[in-house]
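Single-structure report; data block below.
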Amino acid sequence: PRRPNPAASTPAARDTSNRDRPNASVVIPNRCNDAHDCSLATADHWLKTNRPPLLSNPQFQKSGLLLIVFDESVDTDHNHGGGHVAMVAVGPKVKRGFVSSTFYRHENLLSTVCSTLVLFGCPGAGNSSAPMADLFGTSQRQVVVDLNESVPYPPQGPHPPSAPTP
């Protein structure tokens with residue numbers, strides 16, 4: 001006999017099977033799938049398995065934004081509080097093949113997320129940091145940037161959106 005799949009009864013699984021997506025979500029793989037405790041091949045397999053359903057969704061293809069952020073650099077890179085951290089942006093309004101020459105920090109990523117969601121406030125240093133507006137352009141799909149340092153919290157007041165909304 002087939003056992004029920006408890007994950008299939010979660011709201012996210014129901015949304016996926018109904019081809020619905022929330023307006024915003026955060027997906028964080030477990031410590032093996034994020035390559036902390038397992039190989040990069042394991043993390044790559046997780047991305048190859050979990051990205052296609054999102055990228056093929058018509059709602060995502062119209063206005064989605066996927067940000068894949070690697071939270072660590074090599075142990076010997078101590079520049080700017082922790083070294084270079086790679087980020088890949090994917091979406092219909094992201095410039096394809098673009099590599100930003102702008103020096104960004106994590107608070108710029110936070111400001112970009114707040115602006116994309118059209119929030120009128122942003123936590124911590126994201127509130128006073130510029131969004132990564134250079135990532136967006138005509139109907140393109142992928143960007144790679146380096147992020148540096150951490151984001152303090154709590155919020156410090158309102159910050160109007162200024163990045164293009166994907």
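Identified under the salt bridge (Lys or Arg N to Asp or Glu O under 4.0 Å) test for residues 46-56, with sequence neighbours left out: Asp44-Lys48.
Rounding to the nearest 0.5 angstrom, the gap separating the CG atom in Asn30 from the NE2 atom in His36 is 11.5 Å. Annotation: the span from Asp34 atom CG to Thr42 atom OG1 amounts to 10.5 Å, rounded to 0.5 Å. Taken from CG in Leu54 to OG in Ser56, the straight-line distance is 8.0 Å, to the nearest 0.5 Å. Considering CZ of Phe60 and CG of Leu66, their distance stands at 5.0 Å, rounded to 0.5 Å. Here the CG atom belonging to Leu67 is positioned 7.0 Å from the OG1 atom belonging to Thr116, to the nearest 0.5 angstrom. Taken from CG in Leu135 to CE in Met87, the straight-line distance is 5.0 Å, to the nearest 0.5 Å.
For the residue pair Phe136 and Lys95, the shortest heavy atom distance occurs at O-CE, 3.2 Å.
Taking the side chain as every heavy atom from C-beta outward, Val27 and Asn50 never approach each other to under 4.5 Å. Pro123 places a side-chain heavy atom less than 4.5 Å from the side chain of Cys114.
Under the 3.5 Å distance criterion, the side-chain polar atoms of Ser100 are matched with a main-chain donor or acceptor of Thr102. Panel note: side chain Asn108, backbone Arg105; a donor-acceptor pair is recorded below 3.5 Å. Counting only distance, with no hydrogens or angles, the side chain of Thr49 and the backbone of His45 share a donor-acceptor pair below 3.5 Å.
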* Applying side-chain contact (heavy atoms from CB on, under 4.5 Å), run through Ser129 and Leu110 and close with a yes or a no. => CA-CA 8 Å; Ser129 297; Leu110 181 59; over 6 Å; no
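There is no side-chain donor-acceptor pair under 3.5 Å between Ser115 and Thr112.
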